Amino acid sequence: MPLTGREATAGDAGDGGLSGIPGRRRGGTLVGRADELAALEGRLRDPGLRLITLIGPAGVGKSRLAAAAADAVTRPGGTPMSGDVFDAVRTQAPDGSGTVAGAVADLARRSGRTLLFLDGCDHELRPTAGSVAALLDAAPGVTVLATALEPLGVYGEQLVPVAPLPVPRPADREDPRALARLASVELFLLRAVEARPGFALTEENAADVADLCGLLGGLPLALELAADRSRLYPPGTLLSRVRRRPVALSGGPATAPTRHRSLAALAEWGCRGLTAGQRALLERLSVYEPGFGAVAFDRPDEEHLDALLDRGVLVLAGDGRHGEPVYAVPEPYRSYCRGALEEDGRLDAAADGHADRYARLVAAAAPRLGGTEQARWLGVLAAEAANVLGALDRLHRRGDAETAAATALACREPWLAQGRLREGLAWCDRLTEAAVPEATGARLAELAGELAAARGDAADAVRRHRAALAVCKRLGDRRRAALVTARLGAALLADGDPQAALAALEPSVTTLESLGAAGPAARAAVALSGALHALGRTRAARETADRAREALRRQGDRRGLIEALGRSAELSTGPEGRGAADAFLREALRLCGETGERTHLPYVLELFALHVLDASPAQQPRVVRMLAAAGVLRERLDTRVPAHRGSAPAEAMEGLRARLGWSAFSTALAEGRALDADAAVREALSAPAPARVDDRPAAGQQPLTPRQVQVAMLVSEGLTNRQIAARLGLSEWTVVNHVRQVMRRLDCSSRVQVAWAIGKWS
């Protein structure tokens, strides 16, 4: 017989009623589920929905969410309450189709609406689809609320996926207060304080807590088990222990179901019932780093993919830069399956298969990274970056130095585009010490020199390129020698020796062109234009830059084109060159966004910020944001501004600090530092174009009063009405009226259009 009213509590469920750590705190606080709870309540109140199933991985909180929603929509003790719709609730987990089928007659006799809560419909407790369908047909007043790993498979079933809690992003780590508001961190802190009174999130432990929540994938049960360990270990120690073997986390209460007492038991429960093919695929994918794409799958794997996704043991981790799906095996399933492979002696074979697969991927992508397919393949390799590094490590550990070196050399463009400069440099040095052929060692030294130059260490780059050039000359490799000479010239220019740079670049460009190496010749010509400009030969520099830019555009080399556009913008000086510089830099920013370029992006952002400051002084807060974003990018990449580019960005920031005042400057600085690379590109491209000589107010526009001009200028800086009122000493309502008049007189329908109009006149 179903339980009725408040007799049907979460504690009566075979599942323990609550997920996370079931049975531990009946009716415990739902953290980060307010929107999902409200949406689920709305579905339950809809009489047209008869079967609602919460699906998701074990330990994600399905039972707790379902119990809270059931509580919200039932009448306590059968007494009607405002807004409540159900007379009864059943929370007893089904013990197969018999329980559901046996309840049909009883439920059919009830009047009004009845809620049947089937919690934990998995494995031996899973009712048949036929029994659930029969119940719904025989008892029109019954609504079934179920929780399961997978859909029940009944026609008309409304699925409600329950995902893990959001985990911190890199930008969240810098602000403990913002970090504490994230649901995964909030849950961890709540349980950690219960386990260890006085525990608090501080600047010292914020990064460790953020990494721990990310490592556990925001899974509520895992977070609660880890938080329980806070009574024994500080966050840094706990993180290192969990990182070694996440599946070892345990400590759930004895009253909880077995699967909720440890992550190992939870993973075993989630994997139970997989077919042999599904299990084999999951174990193979467990050696992959989270964030792998279609390269991980073979054609026969397609039949198992949807089943693993339905079960939640494989998840979609997002989309790649060009829309391809990205997958991950979340914890604890990843550690559990790796443990099974290790126990059976199959882990080495799986790791070797992973390394060989990614070595083939990088080798196949390398020829496509210099032409029209460049952006797509850079996106593919960016999504697979962690797995490529993992494959390199495996190749090196098993003693396959030549394959490892070939893979590293093929990673030149991806490493430079992604800003993986330190990692790439370390791999070049590591592989150079291995037993590789002399020619391969020279190429590694050349790549290391280019990475060092990208980091801003021009002197180190010159040293490495000279060592590589000596080997190339000894081996008689004319083409490689010309390439290295060109890169040596670029490094010499960055090191502040334009005369030596010119002496290296001019003959190398000629040699590369004669050998038919059009792409490398065009890139070298970009550096050559810089050397010419530094020596005062501006006209020759512009002509060289123009030829190189158009050649790179024809070849489809977007990364090379970004640098060429930046150089062309530097050469477009004076009021007459303002429009050209603006067009060059906007195109470079768009290309940075399309290719995921990170190494050149700080340089382009700084150039564009200085250009905007010169062309549109009203955009000063935006300039601060762009320069701040560029500075953060340099910090993350561990790069510095090359000496030959001067100290203009730093000087601009000092001037802006003085002109804007402490409050406005610090606000814009904080906003800029919070921008990621893509957001920084969007921020830059939203700046209004510079004024043209023929830009005048349209005939239908009326002139603004001096006060309206002040208000309009502050609107264009992005200030709110309240901030404008504080700045000008006016009431907020007065500012609202001024803004309305400005929009009417300028014939604008939004604040963005006001900013655009003012920007054109600034």
Side-chain angles (χ1 to χ4, degrees), residues 57 211 214-217 219 222 240 242-249 263-264 266-268 270-271 274-305 307-309 311-318 320 324-365 380-400 403-404 407-408 411 414 420 423 427:
D211 287 345
L215 177 64
L216 297 175
L219 189 70
S240 63
V242 173
R243 187 173 275 153
R244 284 196 296 273
R245 196 161 182 262
V247 79
L249 271 176
L263 289 192
L266 186 77
E268 189 279 328
C271 293
L274 293 178
T275 67
Q278 292 164 1
R279 183 71 178 240
L281 175 59
L282 183 63
E283 288 179 347
R284 177 163 66 78
L285 296 177
S286 71
V287 303
Y288 287 61
E289 295 296 324
F292 54 85
V295 65
F297 301 101
D298 298 320
R299 188 176 295 276
D301 297 332
E302 292 295 325
E303 64 177 291
H304 306 308
L305 188 57
L308 296 180
L309 289 169
R311 182 67 71 90
V313 295
L314 179 69
V315 297
L316 281 172
E324 301 90 348
V326 176
Y327 303 90
V329 178
E331 295 294 352
Y333 305 108
R334 184 167 181 257
S335 297
Y336 175 76
C337 291
R338 287 173 68 96
L341 289 172
E342 187 173 15
E343 187 176 335
D344 294 345
R346 295 178 288 133
L347 184 58
D348 284 343
D352 285 339
H354 169 269
D356 292 338
R357 185 180 293 260
Y358 278 93
R360 291 194 299 271
L361 170 71
V362 173
V380 169
L381 294 177
E384 302 287 357
N387 280 291
V388 170
L389 290 172
L392 259 178
D393 186 63
R394 180 65 186 176
L395 291 168
H396 184 261
R397 286 176 183 273
R398 77 184 189 193
D400 193 351
T403 304
T407 302
C411 286
R420 295 184 178 274
E423 292 165 301
W427 269 110

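Values in this document were obtained by computation on a predicted structure and should not be read as measured data. One is the number of the first residue; the rest follow in order along the sequence. Heavy-atom basis, side chains included; hydrogens, waters and symmetry copies ignored.
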Visitor: Not counting sequence neighbours, which residues clear side chain to side chain contact (heavy atoms under 4.5 Å, CB included) with Asp301? List them please.
Guide: Leu281, Arg284, Phe297, Asp298
Visitor: Are Cys411 and Val388 packed together at the side-chain level, in the sense that at least one heavy-atom pair is separated by less than 4.5 angstrom?
Guide: yes
Visitor: For Thr407 and Ala359, work out which heavy atoms get closest and say how close.
Guide: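 Result for this residue pair: OG1-CB, 3.8 Å.
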Visitor: Go through the steps for Val380 and Val295 under the test side chain to side chain contact (heavy atoms under 4.5 Å, CB included), then give the verdict.
Guide: CA-CA 9 Å; Val380 169; Val295 65; over 6 Å; no
Visitor: Identify the heavy atoms of Cys271 and Val313 that sit nearest to each other, and give their distance.
Guide: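 Nearest heavy atoms, Cys271 then Val313: SG-CG1, 4.4 Å.
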Visitor: Return the minimal non-hydrogen interatomic distance between Val287 and Arg338, and the atom names on each side.
Guide: CA-NH1, 3.3 Å
Visitor: Spell out, as yes or no, whether a donor-acceptor pair under 3.5 Å connects the side chain of Glu384 to the backbone of Gly293.
Guide: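 Side chain of Glu384 to backbone of Gly293: a pair is present.
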Visitor: With sequence neighbours excluded, give me every ring-ring contact (aromatic ring centres under 6.0 Å, His included) pair touching residues 329-348.
Guide: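 Every candidate ring-ring contact (aromatic ring centres under 6.0 Å, His included) pair involving residues 329-348 fails, so no pair, neighbours aside, qualifies.
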Visitor: Can you establish whether the number of heavy atoms outside Arg397 located under 6.0 Å from its atom CZ is more than 12?
Guide: no
Visitor: So, using side chain to side chain contact (heavy atoms under 4.5 Å, CB included) as the criterion, who are the partners of Arg244 when residues are at least two apart?
Guide: Ser240, Arg241
Visitor: Suppose we screen for side chain to side chain contact (heavy atoms under 4.5 Å, CB included). Which residues come up paired with Ala264, at least two apart in sequence or across chains?
Guide: Val247, Ser262
Visitor: Taking atom CG of Leu282 and atom CZ of Arg311, what is their separation to the nearest 0.5 Å?
Guide: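 Here the interatomic distance stands at 10.0 Å.
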Visitor: Kindly write out the residues that satisfy side-chain hydrogen bond (donor to acceptor under 3.5 Å, both in side chains) with Ser286, not counting sequence neighbours, or none if the list is empty.
Guide: none
Visitor: Search all heavy atoms of Gly312 against all heavy atoms of Pro330 and return the closest pair with its distance.
Guide: O-CG, 3.8 Å
Visitor: Do the side chains of Arg360 and Asp356 get nearer than 4.5 Å, heavy atoms only?
Guide: yes
Visitor: Please identify each residue that fulfils salt bridge (Lys or Arg N to Asp or Glu O under 4.0 Å) with Glu331, with sequence neighbours left out.
Guide: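 Partners of Glu331 by the salt bridge (Lys or Arg N to Asp or Glu O under 4.0 Å) criterion come out as none, since no residue qualifies.
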Visitor: Return the CG to CG distance between Asn387 and Leu392, rounded to the nearest 0.5 Å.
Guide: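 Spacing of CG (Asn387) from CG (Leu392) equals 11.5 Å.
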Visitor: Check whether any side-chain heavy atom of Pro290 sits under 4.5 Å from a side-chain heavy atom of Val315, and report yes or no.
Guide: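 Of all side-chain heavy-atom pairs linking Val315 with Pro290, none is under 4.5 Å.
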Visitor: Which residues pass the ring-ring contact (aromatic ring centres under 6.0 Å, His included) test with His354, sequence neighbours left out?
Guide: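 Partners of His354 by the ring-ring contact (aromatic ring centres under 6.0 Å, His included) criterion, ordered by chain and then number, come out as Tyr288, Tyr358.
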Visitor: Which residues satisfy the salt bridge (Lys or Arg N to Asp or Glu O under 4.0 Å) test with Arg394, sequence neighbours excluded?
Guide: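 Counting only residues at least two positions away or on another chain, Arg394 forms a salt bridge (Lys or Arg N to Asp or Glu O under 4.0 Å) with Asp348, Asp352.
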Visitor: Sequence neighbours left out, what passes salt bridge (Lys or Arg N to Asp or Glu O under 4.0 Å) with Arg346? Give chain and number order.
Guide: Glu283, Asp344
Visitor: Mind checking salt bridge (Lys or Arg N to Asp or Glu O under 4.0 Å) for Glu423 and listing every partner two or more places apart, or none if nothing turns up?
Guide: Arg420
Visitor: Just jot down the side chain to side chain contact (heavy atoms under 4.5 Å, CB included) partners of Leu309, sequence neighbours excluded, or say none.
Guide: Leu305, Asp306, Leu314, Leu316, Tyr327
